[in-house]
Amino acid sequence: MDGLADDTKLINDLCDWAGVKPSRMATDLGMAATTLTRAANGKATTRIGRQTLNALRAAYPNFPGWNDDSSKAPEIGLTLRSEDGSVPLRHLDLGLAMGDGTTLEDYYEEGVFEFDAALLRRISRAPSHRLIVGHGVGDSMMPTLLNEDMVIFDTTQTTLTAIDKIWAISLYGAGAVKRLRPISQRRVLVMSDNAAISDMEVDVDDLRILGRVIWSARRH
């Protein structure tokens, strides 16, 4: 049985034992429903993450299905790979949401990106598992960011306390990388660096901050 099939069996066995559906289990634990339903339905393309497994173990410690195999899910962004001095960071495609696009778990996961550990320590003090690799989508942030430019955003920063910084966001359920400026307690200005694209004033309820962009790189 491969890893994805192991995850499918684990989630279905756990839900049968607990007497709840995968979507309800995920909601009860504060996760996006798709975090567990994709695995349960055999439609997941990546393994269940360490953070999700830890939450399930904490919520259902007496489940008899916990075993050594369930601890073998990929530990994203937590361990330095000593052989080459790199750190694996979770890599998401912000241009493709499989859920409602309001949480990180809703976006298609492209695996991990190996990032230089020494450089990572210089650009951020956040735990590496809270740093996500994404990329620019479209030309709205030209010339600052071009389409497919790589970015790293810090998911520990989700409160709009810095004016005119660049953030990874969900806007009406669609992923984007934009500058944000609070203009009142309930309104935020979503700005594009491309002068040909108009800024948008939106209600805070229509906007979810996924993290602040702290680094970018251009592909040549």
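- Using a 4.5 Å cut-off on side-chain heavy atoms (C-beta onward), Asn62 and Tyr60 make no contact.
- The CD1 atom of Ile152 sits 13.0 Å away from atom CZ of Arg212, with the distance rounded to the nearest 0.5 Å.
- We find the CG-CE distance between Asp193 and Met141 to be 3.5 Å, quoted to the nearest 0.5 Å.
- When the shell of 6.0 Å around CD1 of Ile163 is examined, it contains 12 or fewer heavy atoms from other residues, nucleotides or ligands.
- At least one donor-acceptor pair closer than 3.5 Å links the side chain of Thr8 to the backbone N or O of Leu4.
- Residue Thr144 holds its OG1 atom at 10.0 Å from CG of Asp149, rounded to the nearest 0.5 Å.
- Ion pairing between Asp154 and Arg130 fails under the 4.0 Å rule for side-chain N and carboxylate O.
- At distances below 3.5 Å, not a single donor-acceptor pair connects side-chain atoms of Asp139 with backbone N or O atoms of Met142.
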- Full working for side-chain contact (heavy atoms from CB on, under 4.5 Å) between Leu14 and Leu36: CA-CA 11 Å; Leu14 176 59; Leu36 300 184; over 6 Å; no

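- Classification of Arg186 and Asp205 as a salt-bridged pair holds, one side-chain N sitting under 4.0 Å from a carboxylate O.
- With rounding to the nearest 0.5 Å, the separation of OG in Ser86 from CG in Leu119 is 12.0 Å.
- The closest side-chain heavy-atom distance from Val177 to Leu94 is below 4.5 Å.
- Leu104 approaches Arg90 most closely through the heavy-atom pair O-NH2, 4.2 Å.
- Residues passing the salt bridge (charged side-chain N to carboxylate O under 4.0 Å, His left out) test with Asp13, sequence neighbours excluded: Lys9.
- Contact annotation: the side chain of His135 approaches that of Asp93 to within less than 4.5 Å [non-hydrogen atoms, C-beta and beyond].
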- Task: Please assess Ile123 against Phe115 for the test side-chain contact (heavy atoms from CB on, under 4.5 Å), listing each intermediate value before the final yes or no.
- Result: CA-CA 12 Å; Ile123 65 177; Phe115 197 85; 4.2 Å; yes

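- The two residues Val87 and Ala117 come nearest to each other via the heavy atoms CG2-CB, 3.7 Å.
- Applying the side chain to side chain contact (heavy atoms under 4.5 Å, CB included) test to Asn147 and every residue at least two apart in sequence or in another chain returns nothing.
- Every residue two or more places apart in sequence or in another chain that forms a side chain to side chain contact (heavy atoms under 4.5 Å, CB included) with Ala40 is listed here: Ile11, Asn12, Pro22.
- Using modelled atom types, no side-chain atom of Trp215 and backbone atom of Met150 make a donor-acceptor pair closer than 3.5 Å.
- A search for side chain to side chain contact (heavy atoms under 4.5 Å, CB included) contacts involving Asn54 returns Arg50, not counting sequence neighbours.
- Within the 4.5 Å cutoff, the side chain of Leu10 has heavy atoms near those of the Leu53 side chain.
- For the residue pair Ala18 and Met25, the shortest heavy atom distance occurs at CB-CE, 4.1 Å.
- In the hydrophobic clustering of this structure, Ile214 groups with Val133; members are Ile, Leu, Val, Met, Phe, Trp, Tyr whose side-chain heavy atoms approach within less than 4.5 Å, directly or through other members.
- The other members of the hydrophobic cluster of Ile169, by chain and number, are Leu160, Trp167, Leu171, Tyr172, Leu180, Val188, Val190, Met200, Val202, Val204, Leu207, Ile209 (side-chain heavy atoms under 4.5 Å, ILVMFWY only).
- Across all non-hydrogen atoms, the minimal contact from Asp203 to Arg187 is N-NH1, 3.2 Å.
- Heavy atoms only, all atoms of each residue included: Lys178 and Ser140 are closest at NZ-OG, 3.1 Å.
- Looking at Thr37, its side chain does come within 3.5 Å of a backbone N or O of Ala33 through a donor-acceptor pair.
- Judged purely by atom type and a 3.5 angstrom limit, Ser192 has no side-chain atom pairing as donor or acceptor with the backbone of Asn194.
- Asn41 places no side-chain N or O within donor-acceptor distance of the main-chain N or O of Lys43, the cut-off being under 3.5 Å.
- Here CG of Leu210 is found 9.0 Å from CG of Leu92. Values are rounded to the nearest 0.5 Å.
- Between Asp164 and Arg181, at least one side-chain N (NZ, or NE/NH1/NH2) sits under 4.0 Å from a carboxylate O, which counts as a salt bridge.
- Looking only at side-chain heavy atoms (C-beta outward), Ser128 and Leu89 come within less than 4.5 Å of each other.
- The distance from atom CG of Leu131 to atom OG of Ser124, rounded to the nearest 0.5 Å, is 4.5 Å.
- Here Ala55 pairs with Met31 under the side chain to side chain contact (heavy atoms under 4.5 Å, CB included) rule; sequence neighbours left out.
- Across Ala174 and Tyr107, no two heavy atoms sit closer than the pair C-OH, 3.7 Å.
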